[in-house]
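Below: one structure, written as structure tokens.
Note that ligands are numbered from 1 as they come in the structure, with each ligand's atoms numbered from 1 the same way.
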Amino acid sequence: MTTMIRETAEVDEQIFFDALIDADERIEPRDWMPEAYRRTLVRQISQHAHSEIIGMQPEGDWITRAPSLKRKAILMAKVQDEAGHGLYLYSAAQTLGIGRDEMTRQLIAGEAKYSSIFNYPTPTWADMGAIGWLVDGAAICNQVPLCRCSYGPYGRAMVRVCKEESFHQRQGFEILLTLMRGSAAQREMAQDAVDRWYWPSLMMFGPPDDASPNSARSMAWKIKRFSNDDLRQRFIGMIVPQAEILGVTLPDPALEWDAAAGRWQMSPIDWDEFHEVLAGRGQMNAERLRRRREAHEEGAWVREAAAAYAASRTGAPSRSSSEARSADPRSLSGARSADPRSLSEARSADSRSLSEARSAETKRPDPPEDPR
Ligand code: FAQ
């Protein structure tokens, strides 16, 4: 009898979930969701978060060597933005019941994936331009549709990320433009960087559609809105006119707009190289992980101090807040499905408490005036 009731309830939950997806509504952390949907999101969001964090290294290497104070300040701000993106994304993944400590463990143990693009070296200043223009450009093409992802916390995080990526792409474009207007040696440096980053940036979109095992389901769930190949095509369409303005040549002699097919014709991508990088055998894989591991070890005292401080305020035993959260990873969705109210009642109750919280927020006393 109990089993039958549980099964009927699950069927209802599935119907409601499907209806939300069909209606282009958002799935929120406390909503019921199929286990495979949750796992897919954890996989994609955690990989995305790791990419932002590992992605700080190639550009971070140039902060001390930037050619002027202004360039240094801009680059520092950009690298800090990437750290912020990682934090929003780890937070979004945590709403699905995985702890930050576990995600970090998977990354430094070499068990987790992060974007292939960050396993290439940055030997010259022009690489800062090429990363901003091509890598952030590809990230924008991929991530703007993710703002409409069916999972609320991921989609909302993407809105701010995309605004910042847009600034990142412009600063990369501007670095290249300055070099292209400079000496012959500077123009050569810019072209060389574009030659090295062009193909890896096309690989960022993932394997071709017929070799992408996750795409069909992710698109049916409206996590991904476009296929890998469609996004790659959009990216090419975006950068071709920009390359003309810059005066750089994209390193593909076969690149041509096919008006009849409505697609860019191009040389084949070297997928062997992509798979080598994914298997950990790219030029910089070992170095990227080694430095991430060292940074984690060097940050142990900060985590301990933060946990001790938190414990001193709450009287709770000293452990990190993310550990505390992951102690009961299903607590959020568990709370939601134990709720006897109907789904819509529960949602409107939630939004009431949100607006109550907001109005309490606005009743806070004004901050003291700035003494300056
Ligand atoms: N690198 O079936 P699909 C940035 C894996 S952030 C490594 O097509 P899916 C900002 C894939 O995970 C860049 N692995 O998979 C920035 C899967 O493996 P799994 C990161 C890749 O998920 C700029 C397998 O291959 N952006 O740049 C890659 O449907 C400058 C089969 O692939 C995101 O993460 C790859 N390139 O589509 C930061 C965006 N491609 O998990 C610092 C969000 C595929 O089954 C400085 N993610 N794989 O073992 C996505 O949109 C998707 O996850 C895709 C892959 C499109 C990356």
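- Gln233 and Asp229 share no side-chain donor-acceptor pair at under 3.5 Å.
- Between Phe274 and Trp271, the ring-plane angle classifies as perpendicular under the 30° and 60° cut-offs.
- Of the heavy atoms in Gln44, only side-chain atoms (C-beta onward) come closer than 4.0 Å to ligand 1.
- Looking at Val277 against ligand 1, nothing comes within 4.0 Å, counting heavy atoms.
- Between Glu25 and Lys222 there is no salt bridge, since no side-chain nitrogen of the basic residue lies less than 4.0 Å from a carboxylate oxygen of the acidic one.
- Of all the atoms in ligand 1, the ones that sit under 4.0 Å from a non-hydrogen atom of Gly206 are 40 (N), 44 (C).
- Listed for the Asp252 side chain is no donor-acceptor partner under 3.5 Å among the backbone atoms of Met266.
- When heavy-atom distances to ligand 1 are checked against a 4.0 Å cut-off, Tyr154 comes that close only through its side chain, counted from C-beta outward.
- Remark: ligand 1 and Ser218 share no N or O pair separated by less than 3.5 Å (distance only, no angle test).
- Between Asp61 and Arg291 there is a salt bridge, with a side-chain nitrogen of the basic residue lying less than 4.0 Å from a carboxylate oxygen of the acidic one.
- Distance check on atom 54 (C) of ligand 1: every protein heavy atom falls at or beyond the 4.0 Å cut-off.
- Contacts between Ser116 and ligand 1 below 4.0 angstrom, taking non-hydrogen atoms only, involve backbone and side chain alike.
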Side chains of residues 254-264: which donor-acceptor pairs under 3.5 Å do they make with residues two or more places apart or in other chains?
unit_1: Asp258; atom_1: OD1; unit_2: Ala260; atom_2: N; d: 3.2
unit_1: Asp258; atom_1: OD1; unit_2: Ala261; atom_2: N; d: 3.1
unit_1: Asp258; atom_1: OD2; unit_2: Gln265; atom_2: NE2; d: 2.6

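- Within the 4.5 Å cutoff, no side-chain heavy atoms of Met203 are placed close to those of His275.
- Residue Met204 has at least one nitrogen or oxygen atom sitting less than 3.5 Å from a nitrogen or oxygen atom of ligand 1, judged on distance alone.
- For His85, no heavy-atom contact with ligand 1 is shorter than 4.0 Å.
- Looking at ligand 1, you'll find an N or O of Ser212 within less than 3.5 Å of one of its N or O atoms.
- The shortest N/O to N/O separation between Phe205 and ligand 1 does not fall below 3.5 Å.
- Only side-chain heavy atoms of Asn228 come within less than 4.0 Å of ligand 1; its backbone N, CA, C and O stay farther off.
- For atom 30 (C) of ligand 1, the candidate residues are Met219, Glu165, His168, Lys78; the nearest heavy-atom contact is made by Lys78.
- For the residue pair Glu59 and Gly55, the shortest heavy atom distance occurs at OE1-O, 4.0 Å.
- Counting heavy atoms under 4.0 Å from ligand 1, residue His275 does not touch it at all.
- Under 4.0 angstrom from ligand 1, there are no non-hydrogen atoms of Met56.
- If you look at Lys224 next to ligand 1, the close heavy atoms, those under 4.0 Å, all belong to the side chain.
- Using a distance-only test at 3.5 Å, with no hydrogens or angles considered, no donor-acceptor pair links the side chain of Asp18 to the main chain of Ile15.
- For Asn142, every heavy-atom contact with ligand 1 shorter than 4.0 Å involves the side chain, none the backbone.
- Trp125 and Trp62 have perpendicular rings, their planes meeting at more than 60° on a 0 to 90° scale where under 30° would count as parallel.
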